[in-house]
Amino acid sequence: MLGESAMSKSQLIDIALNDLKHGRAGTMQLADEIYKVPVEKYYDQDRFELERRRIFRRLPLVLATTAELREVGDYKAMEAAGVQVLITRTKSGVVKAFVNMCTHRGARLTAEGCGKAYKFTCPYHAWTFSPEGDLVAVYAEQDFGAIDKSEFGLTELPTLEKAGLIWVTLNPKSDLDIEAFLSGYDSLLDQFGFASWHLQATQTLEGPNWKVAYDGYLDYYHLPILHGKSFGTDIGNQAIYYSWGPHQHLGRPDTSWSEYEGLEPEAWPTERLLQGVWTIFPHISIASFQGGGRSVMISQLFPGETPETSRTVQYYLMENAPDKDELVDEAKDQFDFLKFVVGEEDYATGNALQKNLDVGARDYIVFGKNELGGQNFHKWVDAVVEASDEDLPKLFQTG
Ligand code: FES
Ligand SMILES: [Fe+2]
């Protein structure tokens with residue numbers, strides 16, 4: 001029997017062979033039909049609320065990278081879809097996540113950001129909690145009155161750390177199995193080895209409706225056009241989509257794999273097999289680059305305050321921390337370049353696109369047969385929005 005790693009490598013090789021087949025035949029994968037998305041789905045307030053509640057508050061989200069909380073005592077506090085979250089690396093090494101809310105009168109326990117702490121003292125009346133979430137001290141306890149501290153621990157959120165990424169479900173009562181939701185996709189992501197990678201830089205971008213922004217990450221059709229000046233016009237506009245449940249990887253027709261055809265799996269370079277875009281439903285995109293060494297940009301999208309806005313945090317992860325000035329400079333140049341591409345090309349386009357949607361000009365927009373990734377994404381968004389709490393787990397049962 002093959003181990004999990006060998007199995008996922010052989011899946012990567014199958015993907016490359018399929019990309020090769022299309023490259024040789026001059027074909028690509030096409031959807032059965034052109035797909036319409038009603039424009040209201042991008043601006044209607046009720047729809048927006050439903051997506052926030054039913055997608056972002058019910059599904060596991062990638063809230064952090066292992067690189068941000070590598071050691072015992074490391075923590076990250078952040079807001080995700082309106083929920084304030086505290087993620088900790090506990091004494092046992094296991095990551096936990098909590099609502100960042102003191103159990104006394106509900107104050108935010110810790111300000112947003114990453115740091116190291118072996119206890120969290122509330123800024124309001126100094127109740128103190130451990131990274132495990134236990135209430136360890138009550139200020140002026142003799143005056144407060146007797147309470148059973150074990151009933152006043154922080155509210156824990158379902159969490160899973162896999163492949164160097166940390167998933168958290170924002171609903172404390174969720175019984176959705178995070179592994180089932182991942183549909184085996186994490187074993188492919190694990191081939192990157194993010195667990196030991198280094199976080200070099202982050203940035204935050206304001207964008208259009210989160211789905212307008214995400215559509216762009218699933219789209220190679222626009223690459224030689226919108227990014228013609230940055231990436232060049234011969235980058236290719238065809239994608240081949242591979243799905244694991246709702247999660248999709250973008251390959252492309254590619255004849256360059258012929259040099260490895262027929263070779264043993266060990267001879268195939270894992271690094272190259274991982275090229276392309278890896279999206280994690282509903283809100284993550286991972287793209288590989290070279291700049292100061294091997295690197296990826298992980299984009300993490302959240303709905304904004306209104307339907308027309310979103311917030312994207314981008315993490316520039318590097319396989320190795322750059323240890324020479326020239327590598328640091330190269331990494332900075334690469335990240336600045338990507339900032340330009342995403343901010344000035346993708347999001348500038350998306351923000352202007354967003355303004356056109358609610359003026360009554362068109363009832364729907366369209367995704368072509370060549371835009372299967374966007375089609376799949378919108379079908380999954382609808383399926384999750386429409387699913388009852390009871391039916392939600394059934395969407396992720398693989399059979
Ligand atoms: S609200 Fe935290 S100690 Fe009072
Ligand atoms: Fe783009």
Is there a side-chain contact between V168 and L61 (heavy atoms, below 4.5 Å)? no

Sub-3.5 Å donor-acceptor pair from the side chain of H222 to the main-chain atoms of D219, do we have one? yes

T204 side chain to V313 backbone, donor-acceptor under 3.5 Å: no

Check for me, please, whether V385 and L176 land in the same ILVMFWY cluster - side-chain distances under 4.5 Å, paths through other members count. yes

Side-chain (Y214) to main-chain (I284) donor-acceptor, under 3.5 angstrom: yes

State, to 0.1 Å, how close D254 and W257 come at their nearest heavy-atom pair, and which atoms those are. OD2-NE1, 3.5 Å

Can you tell me how far OG of S295 sits from NE2 of H198, rounded to the nearest 0.5 angstrom? 11.0 Å

Regarding D382 and K41, does a basic nitrogen lie under 4.0 Å from an acidic carboxylate oxygen? yes

Rounded distance [0.5 Å steps], OG1 in T90 versus OH in Y118: 12.0 Å

Step through the shown structure and confirm whether more than 12 heavy atoms of other residues, nucleotides or ligands are within 6.0 Å of CD on E305. no

Just by modelled atom types, is the S5 backbone N or O under 3.5 Å from a matching donor or acceptor in the Q191 side chain? yes

Short N-O contact, E71 and K91, less than 4.0 angstrom: no

Taking the six-membered ring for Trp, are W380 and F396 parallel (under 30°), tilted (30 to 60°) or perpendicular (over 60°)? parallel

Give a yes or no on whether L263 and I15 share a hydrophobic cluster (residues Ile, Leu, Val, Met, Phe, Trp, Tyr; joining criterion: side-chain heavy atoms under 4.5 Å apart). yes

Between T66 (side chain only) and R70 (backbone N and O only), is there a donor and an acceptor less than 3.5 Å apart? no

Once you measure the plane-to-plane angle for W244 and Y185, does it fall in the parallel (<30°), tilted (30-60°) or perpendicular (>60°) bin? tilted

Any sub-3.5 Å donor-acceptor pair from N100's side-chain atoms to R108's backbone N or O? no

Got a sec: does the NZ of K379 have more than 12 other heavy atoms crowding it under 6.0 Å? yes

Is the closest side-chain heavy-atom distance between V85 and L157 below 4.5 Å? yes

May I ask you to say whether R89 pairs ionically with E161, meaning some side-chain N is under 4.0 Å from a carboxylate O? yes

Taking K394 first and then D391, would you say they form a salt bridge - that is, a charged N and a carboxylate O separated by under 4.0 Å? yes

Please go through F144's hydrophobic cluster and name the other residues, only I, L, V, M, F, W, Y counting, with side-chain heavy atoms under 4.5 Å joining them. Y75, L86, F98, L109, F120, W127, F129, L135, V138, I147, F152, L154

Distance-only, no hydrogens or angles: does the R52 side chain make a donor-acceptor pair with backbone N or O of R57 under 3.5 Å? no

Carefully, step by step, assess F302 and L63 under the rule side-chain contact (heavy atoms from CB on, under 4.5 Å). CA-CA 10 Å; F302 295 105; L63 291 193; 3.9 Å; yes

Within one Ile-Leu-Val-Met-Phe-Trp-Tyr cluster: L160 and I166, side-chain cutoff 4.5 Å: yes

Ion pair present between E261 and R24, side-chain N to carboxylate O less than 4.0 angstrom? yes

Please say whether more than 12 non-hydrogen atoms of neighbouring residues, nucleotides or ligands are located less than 6.0 Å from OH in Y124. no

Pairwise distance CZ(F56) to CG(N171) - rounded to 0.5 angstrom: 15.0 Å

For the hydrophobic clusters of this structure (ILVMFWY residues joined by side-chain heavy atoms under 4.5 Å, transitively), does one cluster hold both L218 and M28? no

Same cluster for L353 and V37 if Ile/Leu/Val/Met/Phe/Trp/Tyr side chains link at under 4.5 Å? yes

Closer than 3.5 angstrom, by distance alone: can the side chain of W278 be matched with the main-chain N or O of H247 as a donor-acceptor pair? no

Any donor-acceptor N/O pair, K9 side chain to L188 backbone, under 3.5 Å: no

Donor-acceptor under 3.5 Å (N320 side chain, P322 main chain): no

Nearest 0.5 Å, what's the OG1-NZ distance between T88 and K116? 12.0 Å

Atom NZ of K21 and atom CG of D14: how far apart are they, to the nearest 0.5 Å? 11.0 Å

Rounded distance [0.5 Å steps], OG1 in T312 versus CG in L301: 3.5 Å

Going by distance alone, is a donor N or O of one side chain under 3.5 Å from an acceptor N or O of the other, for T306 and T309? yes

If the threshold is 4.0 Å, N to carboxylate O, is there a salt bridge linking K211 and D215? no

List the steps, then state whether side-chain contact (heavy atoms from CB on, under 4.5 Å) holds for H227 with I235. CA-CA 9 Å; H227 304 306; I235 185 167; over 6 Å; no

